[in-house]
There are 2 protein chains.
Amino acid sequence: MKKKTRVNIYDVAEEAGFSISTVSRALNDDARISAKTKVKVKAAARRLGFQKNAIATSLSTNQSKVIGVLVSELNRGFLSSLVHTLEDTAFAMGYSVIICQTNNSHEREKTYMDTLIASRIAGIIATLSLETDSYEHFEKAKEQGIKVVLVDRVSPKIKSTTKIVIDDYQTAFEGTQHIIGQGYDKIAYVSGPTKQLLYADRLRGFEQALKVAGLPLNPEWIEYSDDLSYEEGTRIAKKILSRKDKPNAIFTANNLAAISTIAYARQIGIRVPEDLGVIGFSEEPFSAFMQPSVTSIRQPSTEMGKLAVQKLVEEINADPGESYIHQKIILDTELIPRESTNRLCKR
Amino acid sequence: MKKKTRVNIYDVAEEAGFSISTVSRALNDDARISAKTKVKVKAAARRLGFQKNAIATSLSTNQSKVIGVLVSELNRGFLSSLVHTLEDTAFAMGYSVIICQTNNSHEREKTYMDTLIASRIAGIIATLSLETDSYEHFEKAKEQGIKVVLVDRVSPKIKSTTKIVIDDYQTAFEGTQHIIGQGYDKIAYVSGPTKQLLYADRLRGFEQALKVAGLPLNPEWIEYSDDLSYEEGTRIAKKILSRKDKPNAIFTANNLAAISTIAYARQIGIRVPEDLGVIGFSEEPFSAFMQPSVTSIRQPSTEMGKLAVQKLVEEINADPGESYIHQKIILDTELIPRESTNRLCKR
DNA sequence: TTGTAGGCGTTATCAT
DNA sequence: ATGATAACGCCTACAA
């Protein structure tokens, strides 16, 4: 009927003079097979250049050693660093990683989910797309027995799922306190889309810190962006800094926006940090190298990536009989004070 | 024997009242199946929540829609941007992408190659690990019928393979000419490991440009690094700038080293670009945002990524009867002059 | 310790 | 246009 393609266990069985079951067991180091036989079988396999077909194994055992990673875009600092760690940790645990960029599109996230389900992967590690506001596709995956771990961008609407996050509210609160502590008192905020929980939390933290400090919360000083790109940052900085009543500090919900804000401010002759303090979420590799260097908030991408894989594999290997208890793990962040908010000390 | 797991075509066949052959054909939109039947079958499939098992398809057809990507590290500008495009293009062409970070280890590259071969993937797009200096594992993949495309870091020892590169020699030559044109005449060079062809070529281009311009080629001004990290860049800058006979410009084989060189120089009171010109290979997202901004050489990661996938898929789909002609494609680079080499005009 | 045979979920060949 | 059935390559329950 169909032509066989490469060397398979039947060939090895013939070469070694055993049955295919013995060959299969020998190659998988089954305890029941004698050492001698194993040696013979493995020698035969080597002689023929046998490479076991993982597809067939997967079909037969109904499990795979592949993890799907859903992520918006790879070419941003935090995410590329996260995926770097994810892949590295997965490799160490014997898993491969399929990368699925959603480009922040809900549609594409769903399409990819179907592909991943069809591929019968072992589990999914996902950072929600910015656009995503319904979650049936995640339920679908879980119904099919695919384990899911959510990282960074999560939603309380997705139940029974391990989540690995930072405390966005608290972090924004403390970041704001840092600015206030540096003597800035008219503080603007550049937010991402608040339908994403983490942006809503950050905004709340910011507002709360102002309230606690008794500082004004000027609605004109709060702006929203869908993607917080460099260009968007510039556009919004322009808008904010052209108001009659200008702020003397800007807190941005990511670091790219902070950098473009600084660049724009300097361009129009506003001194940073003297006239304008700037702080941004998400440490980027270049935050420290800028002039002035940029005060930012480090998210522990390495720890998040490691934990995500470990928790996922833990759940994959969990006894199906026992009920697995899902955790929401909150990791520490670190405020890294740099020149861009350093109004107190002379540089 | 074993328990079946999810809804399969047998279930759909029963639900729809057809045989599994008809169901399979209907779901694949085979021309022989009547429109009515297709509608019925698809409705049945939807009713049962059927999701075709890609593993089984793959086993049966002996082909998969997965591309393996071998890359040293994801968290560097050029590579994360390349992989970003690779994934995006692959998605558009109906392929998924498995990411394999080698961490520049030859050993790990070989291990991954075995995994990829076992997974019976359709093809591989690879950027050689810095350590790699033998290539049997690539031959092995090709023997197994897996198509390979090499990007950026290639080797002439790997034959019959599509290669997508830049002209490293010419680019370094022109970069050096740019520095010379800015009035620098004592130029140092920071190289990567020259057993990698691209670093050897860049060094040759640098040397040739000096020769043509009649400038001295001081062996003390040429340094080598295995990984060109930020730390390495600092270490080497320190070494070069502490010589009695100091250069007045430094050309680094990547951009991270350029940035750390600038940072170190400024730290010890050397003005950039007035006292020291700095230029680096590989544009990074932060090259433009630095103070001073960094003159660098943009490698067309987007075009490289697109082409790599297109050529790979082209070869995968090529008629096995015809012989496929492999190309080496050389893409243009772009020198982006910025402040770090701008000695002529006042800023 | 080793062998036999059935099953995983498809696709493809050969009939009808 | 549709159906029956043998592959694809491996694993594993059961038998010996």
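For clarity, every value in this text was computed on a predicted model and none was experimentally measured. So you know, we letter chains A, B, ... as the sequences are listed, proteins then strands, and number each from 1.
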Asks: Once ring pair (Phe, Tyr, Trp, His ring centres under 6.0 Å) is applied, what residue pairs with a partner in residues 110-164 of chain B remain, sequence neighbours excluded?
Replies: F91(A)-Y112(B), H106(B)-H137(B)

Asks: Under a plain distance cut-off of 3.5 Å, with no hydrogens placed, do N53(A) and N8(A) share a side-chain donor-acceptor pair?
Replies: no

Asks: What's the separation between atom OG in S72(A) and atom CZ in R153(A), rounded to the nearest 0.5 Å?
Replies: 4.0 Å

Asks: dT10(C) P sits how many Å from R120(A) CZ, rounded?
Replies: 7 Å

Asks: Rounded to whole angstroms, how far apart are OH on Y10(A) and P on dG6(C)?
Replies: 12 Å

Asks: Which whole-number value in Å describes the distance from Q51(B) CD to dC8(C) P?
Replies: 19 Å

Asks: Take the protein atom CD1 of I117(A) and the nucleotide atom C1' of dG9(C), then report the distance between them rounded to whole Å.
Replies: 17 Å

Asks: Measure the distance from CZ on F18(A) to P on dG3(C) and round it to the nearest whole Å.
Replies: 6 Å

Asks: Table please: side-chain donor-acceptor pairs of residues 39-47 of chain A below 3.5 Å, with sequence neighbours left out.
Replies:
from: K42(A); atom 1: NZ; to: D29(A); atom 2: OD1; distance (Å): 3.0
from: R47(A); atom 1: NH1; to: E15(A); atom 2: OE2; distance (Å): 2.3

Asks: Distance check: side-chain N/O of N53(B) vs OP1/OP2 of dG9(C), anything under 4.0 Å?
Replies: no

Asks: The side chain of I20(B) is closest to which nucleotide in this list: dC10(D), dT10(C), dT12(D)?
Replies: dT10(C)

Asks: In whole Å, I'd like the distance from the CZ atom of R6(A) to the C1' atom of dG9(D).
Replies: 12 Å

Asks: Distance check needed: dC10(D) C1' versus I55(B) CD1, whole Å only.
Replies: 13 Å

Asks: Side chain of A56(B) only, please: which of dC8(C), dC11(D), dT10(C) is the nearest?
Replies: dT10(C)

Asks: Considering only side-chain heavy atoms of S19(B), which listed nucleotide, dG9(D), dT11(C), dG3(D), is closest?
Replies: dG3(D)

Asks: Once you round it to whole Å, what is the distance between C1' of dT12(D) and CG of L59(A)?
Replies: 14 Å

Asks: For residues K142(B) and T161(B), is any side-chain donor paired with an opposing acceptor at under 3.5 Å?
Replies: yes

Asks: Using modelled atom types only, decide if a donor and an acceptor are shared between the side chain of T22(B) and the backbone of F18(B) within a distance under 3.5 Å.
Replies: no

Asks: Looking only at side-chain N and O atoms, does S105(B) offer a donor or acceptor that is under 3.5 Å from a partner on E107(B)?
Replies: no

Asks: Near DNA chain D, which residues from residues 22-38 of chain B have a heavy atom under 4.0 Å away?
Replies: T22(B), R25(B), R32(B), I33(B), S34(B), T37(B)

Asks: Using only modelled atom types and a 3.5 angstrom limit, is any donor from either the side chain of S21(A) or the base of dT4(C) paired with an acceptor on the other?
Replies: yes

